[in-house]
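Just the heavy atoms: all of them, side chains too, but no hydrogens, waters or symmetry mates, feed the values below. Numbers for residues simply follow the sequence, beginning at 1.
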Amino acid sequence: MAPTMAVSSNDSFDITDFVINKGNGVKGLSDLGIKSLPSQYIQPQEALINIIPQESIPVIDMSNWNEDPKVAESVCEAAEKFGFFQLVNHGVPLEVLDGVKDATHRFFGLPAEEKRKYSKELSSTNSVRFGTSFSPDAEKALEWKDYLSLFYVFLEYMKRSQILCQKLMSALMQKLNVKEIDETKESLLMGSKRINLNYYPRCPNPQLTVGVGRHSDVSSLTFLLQDEIGGLYVRVNEGKGEKDGWVHVPPIEGSLVINVGDALQILSNGRYKSVEHCVIASGSKNRISIPIFVNPKPNDVIGPSPELIAAGEKPKYKNILYSDYVKHFFRKAHDGKKTVAFAEISS
């Protein structure tokens, strides 16, 4: 067991060098047994959330997907009302999900010098990236998370998830009167994919920081595999006074959490909701999660679907190059739903 130590920003110990430059990440800090949270990770009060107990997002059983049209209707309704839902009996085998979790634990168990080979400065390819927090250069307070980001097909998980993604997208598009997903539509909805392996180590003062700050995803859809620890929170009833708050997404073994991203909100002209979410830190356990971000291709132009505009809807968003939208997201700290305002048509 590592000896415990106190670390503060006033010590000669250089946190930034240790965590970022040397590739130790926050896992390295946690492994040191630090007794208190370094000041670089203390979040401002407005970044912390108001939790609403005993509520959560819908859980949808897909076992009768082909026989019962109400299952697809439930998916569309959840995407409109909540922007988040959990799927069970979705067709991705449990052993495949367990294999991805095991691989994640193995990677983050590697020595820092091995993980650092995949850092922005040293990685031989942009398709693999090891890092910490979100955008350390732009953040006033760092997030308590390390990650490995992969821009290519990863294990059987990606292949199996692709089948599930096509089912969900087909149902969501039919509700928007898009009868067929042709090559152009397929590129817009799911032309590229990125998978992250996220690691949230045990934190000495979890109430002072966050694992991931408040944000919405820039994807079309996000497929999240989480472990049994929990910590994902979703905003509900935004702008509705006392009802406005955050609900926990409880881990269900074998489930996948699906959420609508900004790209699908824009493509649906606001019908489907890309909702704020965040991850809180744990004071007792290490947590992992593995999201697949299903995105348009970088050179695609996203905007409200032509079918919706042809049916008489007034566009709420302008047409925008997807790579420009993503660059806008990554050049700043997590800031709730402010990214989508980049594409809104001002009234």
Could you pull out all donor-acceptor pairs under 3.5 Å where a side-chain atom in residues 21-29 meets a protein atom, sequence neighbours excluded?
| from | atom 1 | to | atom 2 | distance (Å) |
| --- | --- | --- | --- | --- |
| Asn21 | ND2 | Asp17 | OD1 | 3.3 |
| Lys22 | NZ | Asp17 | OD2 | 2.3 |
| Asn24 | ND2 | Phe18 | O | 3.0 |
| Lys27 | NZ | Asp31 | OD2 | 2.8 |

For residues 217-230, tabulate all N or O donor-acceptor pairs below 3.5 Å that involve a side-chain atom, not counting sequence neighbours.
| from | atom 1 | to | atom 2 | distance (Å) |
| --- | --- | --- | --- | --- |
| Asp217 | OD1 | His215 | NE2 | 3.2 |
| Asp217 | OD1 | His277 | NE2 | 3.2 |
| Asp217 | OD2 | Thr222 | OG1 | 2.8 |
| Asp217 | OD2 | Asn259 | ND2 | 3.1 |
| Ser219 | OG | Leu221 | O | 3.4 |
| Ser219 | OG | Thr222 | OG1 | 2.8 |
| Ser220 | OG | Leu189 | O | 2.8 |
| Gln226 | OE1 | Arg287 | NH2 | 3.1 |
| Gln226 | NE2 | Val249 | O | 3.2 |
| Asp227 | OD1 | Ile229 | N | 3.0 |
| Asp227 | OD2 | Ile288 | N | 2.9 |

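Grouping the Ile, Leu, Val, Met, Phe, Trp and Tyr side chains by contacts below 4.5 angstrom, directly or via other members, places Val294 with Ile302. Under the 4.5 Å side-chain heavy-atom criterion for grouping Ile, Leu, Val, Met, Phe, Trp and Tyr, Val71 is connected to Leu168 within one hydrophobic cluster. Note: the hydrophobic cluster containing Phe84 does not contain Leu172 (ILVMFWY, side chain heavy atoms under 4.5 Å, direct or indirect links).
Within the structure, salt bridge (charged side-chain N to carboxylate O under 4.0 Å, His left out) pairs that include any residue of residues 298-325 comprise Lys185-Glu307, Arg271-Glu313 (at least two apart or interchain).
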Quiz item: Going through the checks in order, is the side-chain contact (heavy atoms from CB on, under 4.5 Å) test met by Leu208 and Tyr41?
Solution: CA-CA 8 Å; Leu208 298 179; Tyr41 291 91; over 6 Å; no
Practice problem: Take Asn196 and Ile290 through the side-chain contact (heavy atoms from CB on, under 4.5 Å) test and state the conclusion after the steps. | Solution: CA-CA 6 Å; Asn196 273 19; Ile290 303 97; over 6 Å; no
Exercise. Output, in order, the C-alpha distance, side-chain angles, deciding distance and verdict of salt bridge (Lys or Arg N to Asp or Glu O under 4.0 Å) for Asp146 and Lys115.
Key: CA-CA 11 Å; Asp146 299 329; Lys115 290 183 286 192; 5.6 Å; no
Quiz item: Would Ile42 and Thr209 count as a side-chain contact (heavy atoms from CB on, under 4.5 Å) if you check the C-alpha gap in whole Å, the side-chain angles of each, and the deciding distance to 0.1 Å?
Solution: CA-CA 5 Å; Ile42 296 176; Thr209 191; over 6 Å; no
Quiz prompt | Criterion side-chain contact (heavy atoms from CB on, under 4.5 Å) on Leu264 and Met173, from CA distance to verdict | solution = CA-CA 10 Å; Leu264 186 55; Met173 288 300 103; 3.7 Å; yes
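Side chain of Asp182 to main chain of Thr184: a donor-acceptor pair is present (N/O by atom type, distance under 3.5 Å, no hydrogens or angles). Between the side chain of Ser268 and the backbone N or O of Tyr272 there is at least one donor-acceptor pair closer than 3.5 Å. A donor-acceptor contact shorter than 3.5 Å is absent between the side chain of Ser255 and the backbone of Val88. Using a distance-only test at 3.5 Å, with no hydrogens or angles considered, no donor-acceptor pair links the side chain of His248 to the main chain of Pro53. Although no hydrogens or angles enter the test, the distance criterion places a donor-acceptor pair under 3.5 Å between the side chain of His90 and the main chain of Gly254. A donor-acceptor contact shorter than 3.5 Å links the side chain of Ser119 to the backbone of Arg116.
Side-chain polar atoms of Gln265 and Tyr317 form a donor-acceptor pair below 3.5 angstrom.
Tyr118 pairs by the side-chain hydrogen bond (donor to acceptor under 3.5 Å, both in side chains) definition with nothing, not counting sequence neighbours. By the salt bridge (Lys or Arg N to Asp or Glu O under 4.0 Å) test, Glu80 pairs with Lys175, sequence neighbours left out. Residues passing the salt bridge (Lys or Arg N to Asp or Glu O under 4.0 Å) test with Glu186: none are found, sequence neighbours excluded.
Rounded to the nearest 0.5 angstrom, Tyr157 OH and Asp98 CG are separated by 12.0 Å. Atom SG in Cys203 sits 14.5 Å away from atom NZ in Lys145 (nearest 0.5 Å). For the atom pair CZ (Phe130) and CG (Leu150), the distance works out to 12.5 Å, reported to the nearest 0.5 Å. Between atom CG of residue Asn89 and atom CE of residue Met62 there is a gap of 9.5 Å, rounded to the nearest 0.5 Å. If you take CD on Gln174 and CE on Met169, they are separated by 13.5 Å, rounding to the nearest 0.5 Å. Interatomic distance, Phe85 CZ to Leu256 CG, rounded to the nearest 0.5 Å: 10.5 Å.
Residues Arg214 and Trp246 form a side-chain contact, since some pair of their non-hydrogen atoms from C-beta on lies under 4.5 Å apart. Side chains of Met158 and Gln162 form no contact here, defined as non-hydrogen atoms less than 4.5 Å apart. For the pair Gln86/Ile258, no side-chain contact is recorded, criterion being any heavy-atom separation below 4.5 Å from C-beta on. Val260 is not listed as a side-chain neighbour of Lys273, based on a closest heavy-atom distance of 4.5 Å or more. No side-chain heavy atom of Leu148 sits less than 4.5 Å from a side-chain heavy atom of Tyr199. Between Ser216 and Asp262, some side-chain heavy-atom pair lies under the 4.5 Å cut-off. In this structure, Pro315 and Ile345 have side chains that are in contact, with non-hydrogen atoms separated by less than 4.5 Å. Put simply, the side chain of Pro250 reaches to within 4.5 Å of the side chain of Ser56, judged on heavy atoms.
Between Glu276 and Lys337 there is no salt bridge, since no side-chain nitrogen of the basic residue lies less than 4.0 Å from a carboxylate oxygen of the acidic one. A salt bridge does not link Glu77 to Lys81: none of the charged side-chain nitrogens sits closer than 4.0 Å to a carboxylate oxygen.
Counted within 6.0 Å of CD on Glu183, heavy atoms from surrounding residues, nucleotides or ligands total 12 or fewer; the atom is thus considered open.
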